[in-house]
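Reviewing the structure listed below.
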Amino acid sequence: MEGEKNRILVFGGTGYVGRYIVKASVSIGHPTLVYTRPLNSQTPPSKTQLCNDFNSMGVTLVQGELEHDQILKVIKQVDIVICVLAYPQLMEQLKIIDAIKVAGNVKRFIPADFGVIEDRINPLPPFQAVLDKKRNIRRAIEAAGIPHTFVSSNCCGAYFVNYLLRPCEKIDNIAVYGNGDTKAVLNYEEDIAMYTIKVANDPRTCNRVVNYRPSKNIISQNELISLWEQKCGQSFNKNFIPGEEIVKLSETLPPPDNIPVSVLHSIFVRGDTVAFEIGEDDLEASQLYHDYNYTSIHQLLDIFLVNPPAPASAAFG
Ligand SMILES: NC(=O)c1ccc[n+]([C@@H]2O[C@H](COP(=O)([O-])OP(=O)(O)OC[C@H]3O[C@@H](n4cnc5c(N)ncnc54)[C@H](OP(=O)(O)O)[C@@H]3O)[C@@H](O)[C@H]2O)c1
């Protein structure tokens, strides 16, 4: 007989990646808690609506600041902590690590990685600085002896497909970063969330790195554009932006605008999401969970064809 489900606490659950994680956790039947900054008259209506939706789904909303005593009290009540705080708050995770260490009851902590495998790549300096923070958090977790999993979810597929192809806009030209032949891993956000909940509960992934690299989601920009042309019956002109131009932008744009271009360079020019072979000692999500029917990039484009998302912003989390 299946035992009681682990209680999952999500920091940043109202954010872009976080809302998918919360929904996945609830859908699998985990008692789910979201730690969120206090709601007040300044809170955007969209966040208030999301919090109401969470309430209706049975999520327990805990309102508070990222302050030791407040977070310790909540952490003591849960088994798993998943953090999807925004990039500027990455170092705030040190407070969460400290509280988890003091509490002593948490079976697994997943910090705000959700991107490339930062310990194995060397991108342009502005992105490197972001990854340095994520690396520092990893080392702090290891030093604290907290049971953890580091996830490399690669690109959020809906976000990047929307950014690259702009399906809801009437366009004739598509920007291509580099020569367009470099492969990248684009995973649908719902799958990233579902894999993360599976990984968080899995004894095999304790104190390990898990890469999300399903074979049907590895694609180049040129292949993606061809596929999209077939599906929507339109041809697009490609505006190639050479790698050197992107490097120059990363050197001349002021922070934080120099970060997104450095991310594009890492993914689509350097090919950092496929920079190394998955070896026998590496864990990969679609191999760990064969039975899970993930959404392929073909299927994601079909979803976009029927239901184009809102226009993409140029910002990255
Ligand atoms: N691989 C990819 O393609 C990809 C794409 C996007 C993000 N990511 C990664 O996913 C993680 C989460 O990013 P995200 O874009 O989902 O984050 P986000 O939407 O920008 O923000 C997540 C949450 O952080 C909290 N937050 C925001 N500002 C704060 C502040 N000033 N003080 C305290 N809390 C604050 C908010 O939660 P409350 O309002 O509820 O407190 C917010 O909902 C990051 O590690 C990011 O690098 C990866």
Side-chain angles (χ1 to χ4, degrees), residues 12 15-17 84-91 112-137 152-169 171-187 189 192 212-213 217-225 228 236-276 297 300 304 309-317:
Y16 179 72
V17 177
V84 259
L85 284 173
Y87 152 69
Q89 276 69 53
L90 285 178
M91 298 319 287
D113 273 323
F114 296 94
V116 288
I117 291 202
E118 52 257 34
D119 288 329
R120 293 170 82 161
I121 63 160
N122 290 296
L124 295 173
F127 189 29
Q128 187 74 265
V130 174
L131 297 188
D132 280 344
K133 289 186 181 172
K134 293 190 173 184
R135 286 186 196 107
N136 289 341
I137 291 297
S152 168
S153 58
N154 293 311
C155 302
C156 284
Y159 182 90
F160 273 91
V161 168
N162 196 15
Y163 181 79
L164 295 170
L165 301 180
R166 311 204 166 255
C168 77
E169 297 168 41
I171 55 166
D172 297 316
N173 301 310
I174 291 183
V176 177
Y177 302 94
N179 66 14
D181 287 331
T182 303
K183 302 272 187 189
V185 186
L186 308 181
N187 293 317
E189 284 77 343
I192 289 176
Y212 302 179
R213 202 195 285 183
N217 289 355
I218 302 171
I219 193 162
S220 71
Q221 288 170 94
N222 287 331
E223 289 165 340
L224 186 71
I225 293 166
W228 185 236
F236 297 97
N237 303 316
K238 295 181 193 172
N239 289 343
F240 290 92
I241 304 171
E244 307 79 60
E245 204 172 302
I246 305 174
V247 172
K248 196 165 269 175
L249 281 172
S250 80
E251 292 165 349
T252 50
L253 284 171
D257 298 343
N258 54 1
I259 298 174
V261 290
S262 307
V263 173
L264 289 172
H265 187 270
S266 165
I267 297 166
F268 298 113
V269 180
R270 291 175 47 96
D272 280 338
T273 60
V274 289
F276 55 89
I297 199 73
L300 182 56
F304 274 21
S313 74
F316 290 83

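Sequence positions, counted from 1, serve as the residue numbers for this chain.
For Ala129, there are no side chain to side chain contact (heavy atoms under 4.5 Å, CB included) partners, not counting sequence neighbours.
Asn217 and Asn187 share a donor-acceptor pair across their side chains, judged by distance under 3.5 Å alone. In this model, no donor atom of one side chain and acceptor atom of the other lie less than 3.5 Å apart for Asn237 and Asp172.
Contact detail for Leu186 and Cys155: the closest heavy-atom pair is CD2-CB, 3.5 Å. When all heavy atoms of Ile246 and Gly178 are compared, the closest pair comes out as CD1-N, 4.2 Å. Nearest approach of Gln128 to Asn122, heavy atoms of both residues: NE2-CA, 3.5 Å. Across every non-hydrogen atom of Leu90 and Lys133, the tightest pair is CD1-CB, 4.1 Å. For the pair Val247 and His265, the tightest heavy-atom approach, listed with the atom from each and the gap, is CG2-NE2, 3.5 Å.
Interatomic distance, Lys183 NZ to Asn222 CG, rounded to the nearest 0.5 Å: 10.0 Å. Rounding to the nearest 0.5 Å gives a distance of 12.5 Å between CG of Leu85 and CE of Met91. In this structure, Ile219 CD1 and Ile297 CD1 are separated by 5.5 Å, a value rounded to the nearest 0.5 Å. We find the CD-CD1 distance between Glu189 and Ile192 to be 5.5 Å, quoted to the nearest 0.5 Å. From Phe127, atom CZ reaches atom OG of Ser250 across 12.5 Å, with rounding to the nearest 0.5 Å. Atom CD1 of residue Ile267 and atom CG of residue Asn154 lie 8.5 Å apart, to the nearest 0.5 angstrom.
Screening residues 115-129 for salt bridge (Lys or Arg N to Asp or Glu O under 4.0 Å) gives Glu118-Arg138, Asp119-Arg138, Asp119-Arg139, Arg120-Asp282 as the qualifying pairs, with residues at least two apart or on separate chains.
No more than 12 heavy atoms of other residues, nucleotides or ligands sit less than 6.0 Å from atom NZ of Lys248.
The shortest side-chain heavy-atom distance between Leu165 and Phe304 does not fall under the 4.5 Å cut-off. For the pair Pro167/Trp228, a side-chain contact is recorded, criterion being any heavy-atom separation below 4.5 Å from C-beta on. In this structure, the side chains of Phe268 and Phe160 come closer than 4.5 Å at one or more pairs of heavy atoms. Side-chain contact between Leu164 and Ile174 is absent, with no heavy-atom pair separated by less than 4.5 Å. Residues Ile121 and Leu131 form a side-chain contact, since some pair of their non-hydrogen atoms from C-beta on lies under 4.5 Å apart.
Between the Thr273 side chain and the Val185 main chain, a donor and an acceptor come within less than 3.5 Å of each other. A donor-acceptor contact shorter than 3.5 Å is absent between the side chain of Glu245 and the backbone of Pro242. Looking only at distances, no side-chain donor or acceptor of Arg213 sits under 3.5 Å from a matching main-chain atom of Ser152.
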